Amino acid sequence: GNGGGIFTSSAVVLDSVIQGNTTGRGGVNPTLSDSSVGDGGKGGGIYASANTVVQGCSIFSNSTGDGGYCNGACGNGGDGGGIYAAGGLPWFASCVFLGNSTGNGGGGFAVQVGGCGGHGAGLYAASSCSPVVSLSTFFTNVTGGGGIAEGIEGWGALGGGGGKGGGVFCYSGSLSNCFFLGNKTGSGGIAYIYIVGGGGKGGTGGDGAGIWANGATTMSSCLLASN
C-alpha cells in the first residue's frame, strides 16, 4: 500500500515529525512466464493527493518498498521515500527531509528485465502535481538501485535503471530558498548471462542526485552541494 506514515488528501500537517515509516514491497510471481508484478508502495513518510500543506515538519529515515520479482519484467521500487505528492497544488514549507530512501527494483535469477529503483527519495511529485517547495532542506536522501537481471538460455537480460532524483523528482512546480546536500541516486542493475545465446546490458545509474526536474519547473535561491 501507499503512505507508510500518512495517507491523506488535502490535509494540513504542521510542526510534526514523520520518522521511520515504510511501505510494502511489490508482490512476487515466481512462475516461468512474462507476468507483471507489483511495484513497491509509494510515499514512505506521506502519500498526499490534492492540495495538501506540510509545514515545519521533520521527515526522517522513511523508505518505500522494493519492486516485486518475476521471470519476465520485475516491478519497480516505490517512489517518494519521504513524500509522494500525487496531484494538485501542494505546499511544502520549512521542512527537513533527511535520510529517506526509495526501494530497489526487483530482480534475481532467470529475470529478463530488472525493475527500476524508486524515484524521488526526498520528494516525488507526479506529472499531475505542481508543488510549491520553499525554505526546506534535503540531506542524504538516496534512491534505490536497479534490479539485477540474470539471463538463461535464449534470453536477453537487461538490468534495471537506478532511481532518479535523490532530493526531489518533479515535472513542474517551484523550488525556492532550498538547500540540497549529500543526496544520491541509485546504481544501475547488473546483467548476467550464463549460457550462450542471449545478450545482456546493465542498467543506467539514476539521474539528478540533487534534483531531477522536467517541464515547467522553476528554481530560485537554492544551494546544491556535494550531491
Side-chain angles (χ1 to χ4, degrees), residues 1-23 40-65 77-103 118-143 163-183 208 210-224 227:
N2 301 322
I6 300 172
F7 182 100
T8 182
S9 174
S10 299
V12 177
V13 185
L14 303 175
D15 303 321
S16 299
V17 177
I18 297 96
Q19 182 175 11
N21 303 286
T22 189
T23 59
K42 302 177 177 71
I46 299 174
Y47 182 100
S49 59
N51 300 329
T52 296
V53 173
V54 181
Q55 181 177 355
C57 291
S58 298
I59 301 148
F60 295 168
S61 302
N62 302 284
S63 60
T64 59
D79 298 326
I83 296 178
Y84 183 100
L89 301 170
W91 183 46
F92 306 109
S94 303
C95 292
V96 178
F97 295 78
L98 171 66
N100 301 288
S101 60
T102 58
H119 306 316
L123 168 66
Y124 180 99
S127 58
S128 59
C129 177
S130 186
V132 176
V133 186
S134 63
L135 299 169
S136 294
T137 53
F138 295 82
F139 295 158
T140 61
N141 301 286
V142 182
T143 61
K164 301 173 182 177
V168 171
F169 181 105
C170 62
Y171 292 94
S172 63
S174 66
L175 301 161
S176 63
N177 297 291
C178 292
F179 181 30
F180 296 81
L181 174 66
N183 303 286
I211 301 169
W212 187 98
N214 195 9
T217 303
T218 62
M219 289 171 270
S220 62
S221 302
C222 292
L223 174 62
L224 294 88
N227 297 288

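What you see is a predicted model, and the numbers here were worked out from it, not measured in a lab. Side-chain atoms are counted along with the backbone in the values below, which use heavy atoms only and exclude waters and symmetry mates.
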Contacts of T52 meeting side-chain contact (heavy atoms from CB on, under 4.5 Å) (sequence neighbours excluded), chain-then-number -> T8, A48, V54
Pairs of donor and acceptor atoms involving the side chains of residues 213-224, under 3.5 Å and at least two apart or interchain, shall be tabulated with distances.
unit_1: T217; atom_1: OG1; unit_2: S172; atom_2: N; d: 3.4
unit_1: T217; atom_1: OG1; unit_2: N214; atom_2: O; d: 3.0

Any donor-acceptor pair under 3.5 Å linking the side chain of N183 with the backbone of N227?
-> no
Quiz: residues 118-133 side-chain donor-acceptor pairs under 3.5 angstrom, not counting sequence neighbours:
unit_1: H119; atom_1: ND1; unit_2: K164; atom_2: N; d: 2.8
unit_1: S128; atom_1: OG; unit_2: A86; atom_2: O; d: 2.9

SG/C57 to CD1/I6 distance, rounded to the nearest 0.5 angstrom?
-> 7.5 Å
To the nearest 0.5 Å, what is the distance between CZ (F179) and OG (S136)?
-> 13.0 Å
How many angstroms lie between CD1 in I83 and CD1 in I46, if you round to the nearest 0.5 Å?
-> 4.0 Å
With sequence neighbours excluded, what pairs up with F7 under the ring-ring contact (aromatic ring centres under 6.0 Å, His included) test?
-> Y47
How are the rings of Y171 and W212 set to each other: parallel, tilted or perpendicular (split at 30° and 60°)?
-> perpendicular
With rounding to the nearest 0.5 Å, note down the distance linking CD1 in I18 to OG in S61.
-> 12.5 Å
Determine the minimum heavy-atom distance between I211 and L175, stating which atoms define it.
-> CD1-CD1, 3.8 Å
One should read off an interatomic distance between T137 OG1 and F97 CZ, to the nearest 0.5 angstrom, of 8.5 Å
Taken in chain and number order and not counting sequence neighbours, the residues that satisfy side-chain hydrogen bond (donor to acceptor under 3.5 Å, both in side chains) with T22 are S63
Distance-minimising heavy-atom pair for V168 and C170 = CG1-SG, 4.0 Å
When you measure from the side chain of T64 to the backbone N and O of G103, does any donor-acceptor pair fall under 3.5 Å?
-> yes
Would you name the heavy atoms of T23 and G43 that are closest together and state the gap between them?
-> CG2-O, 3.6 Å
Scanning both residues in full, the closest heavy-atom pair of C95 with I59 reads CB-CD1, 4.4 Å
Determine whether L98 and T140 make a side-chain contact, defined as any pair of heavy atoms from C-beta on separated by less than 4.5 Å.
-> yes
Sequence neighbours left out, what pairs pass side-chain hydrogen bond (donor to acceptor under 3.5 Å, both in side chains) with at least one residue falling in residues 91-100?
-> N62-N100, N100-N141
